[in-house]
Protein chains: 2
Amino acid sequence: MNEANKKVDVFQAIADPTRRDVLQLLAIKQRSIAEISSHYDMSRTAIVKHLNVLTEAGLVNGQKLGREKVYYLKPEPLGEVKQWLDYYEQFWNNKLSKLKFLVENED
Amino acid sequence: MNEANKKVDVFQAIADPTRRDVLQLLAIKQRSIAEISSHYDMSRTAIVKHLNVLTEAGLVNGQKLGREKVYYLKPEPLGEVKQWLDYYEQFWNNKLSKLKFLVENED
DNA sequence: TTGACATAACACCTTTTGGTTATATATAAT
DNA sequence: ATTATATATAACCAAAAGGTGTTATGTCAA
């Protein structure tokens with residue numbers, strides 16, 4: 001339940017292309033396991049495992065609704081990735097983003 | 001050399017905490033393999049493997065300098081991560097940007 | 001209450017990951 | 001030329017990841 005017992009790092013959760021794709025599906029709307037797995041060639045069991053990883057990373061949550069389990073996106077943990085990424089922004093884009101980084105971190 | 005022969009996805013490359021830590025080290029300055037591995041308990045061979053993964057993702061590059069091989073950061077592939085992340089920002093950043101606005105304008 | 005359906009729980013297999021040690025090669029210093 | 005240092009490479013191993021299929025359980029609907 002708590003944010004504290006994340007067993008899976010969010011970086012690891014988004015490392016898999018299928019999981020990123022599932023996130024994309026759930027970004028549009030919430031979906032049942034059956035509906036999600038209908039988009040892929042792999043077995044429903046495999047999709048459930050991916051959903052479990054995403055759940056442990058706090059990126060999705062599943063709610064039982066009747067006899068279905070409906071998953072929805074929880075994007076908050078992506079903030080950690082964004083924060084990590086912001087540090088490196090100073091190194092690649094243009095001088096503008098470098099300036100932006102410096103200004104936003106000047107204290 | 002080419003962007004085309006990336007064998008490793010950048011998302012996968014940054015999934016490992018050790019590799020993220022190595023990136024951090026190289027962000028400060030370029031370093032030889034020996035210097036990098038001196039920061040860790042694991043063997044130099046293990047570090048070299050991580051460096052190979054990072055290299056295949058295009059995130060670092062190593063240049064032979066005398067008998068040393070000096071690695072340096074190549075942050076460009078992180079742009080792909082940022083781009084991916086930007087899409088999801090709309091889902092959570094509403095609260096955050098409001099808060100950011102409040103904090104930045106509280107004078 | 002029976003049948004169909006959605007999900008859960010297993011058991012199992014293969015590949016990849018992340019690490020080890022040992023040995024070889026190239027360069028620098030004495 | 002010899003020795004010490006830095007890296008490269010190969011063989012090996014354990015554990016985790018990612019997939020499969022089968023069976024069990026719970027829920028809805030006729």
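Proteins come first, then strands; the chains are lettered A, B, ... in the order of their sequence lines, and each starts at number 1.
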At a cut-off of 3.5 Å, list every protein nitrogen or oxygen paired with a nitrogen or oxygen from nucleotides 17-22 of chain D, distance to 0.1 Å.
unit_1	atom_1	unit_2	atom_2	d
D/dA17	OP1	A/Q12	NE2	3.3
D/dG18	OP2	A/R19	NH1	3.3
D/dG19	OP2	A/H50	NE2	2.5
D/dG19	N7	A/K49	NZ	3.0
D/dG19	O6	A/K49	NZ	2.4
D/dT20	OP2	A/S43	N	3.0
D/dT20	OP2	A/S43	OG	2.8

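Every pair passing ring pair (Phe, Tyr, Trp, His ring centres under 6.0 Å) that includes a residue from residues 57-86 of chain B is listed here, sequence neighbours excluded: B/F11-B/W84, B/W84-B/Y88. For the salt bridge (charged side-chain N to carboxylate O under 4.0 Å, His left out) condition, no pair includes a residue of residues 36-48 of chain A, sequence neighbours left out.
Residue A/K69 has no polar side-chain atom (N or O) positioned under 4.0 Å from OP1 or OP2 of C/dA6.
Rounded to whole Å, the distance from CG on A/L65 to C1' on C/dC5 is 16 Å. Whole-Å rounding puts the A/Y71 OH to C/dT7 C1' distance at 9 Å. One can place CG of B/N52 at 13 Å from P of C/dG18, the figure rounded to the nearest angstrom. Computed from coordinates, the A/K64 NZ to C/dT7 P distance equals 8 Å when rounded to whole Å. Following rounding to the nearest Å, B/E68 (CD) and C/dA29 (P) show an atom-to-atom distance of 10 Å.
Contacts of B/K64 classified as side chain to side chain contact (heavy atoms under 4.5 Å, CB included), with partners at least two apart in sequence or in another chain: B/K69. For B/D86, there are no side chain to side chain donor-acceptor pair (under 3.5 Å) partners, not counting sequence neighbours. Residues forming a side chain to side chain contact (heavy atoms under 4.5 Å, CB included) with B/T45 (at least two apart in sequence, or on another chain): B/S43.
A donor N or O paired with an acceptor N or O is found under 3.5 Å between the base of D/dT5 and the side-chain atoms of B/R67.
Checked against D/dA8, C/dA6, D/dT5, the side chain of B/I33 finds its nearest nucleotide in D/dA8.
Under the 4.5 Å side-chain contact rule for hydrophobic residues, A/V70 and A/L54 do not share a cluster.
In terms of position on DNA chain D, the residue among B/S32 and A/G66 whose nearest nucleotide sits closer to the 5' end is B/S32.
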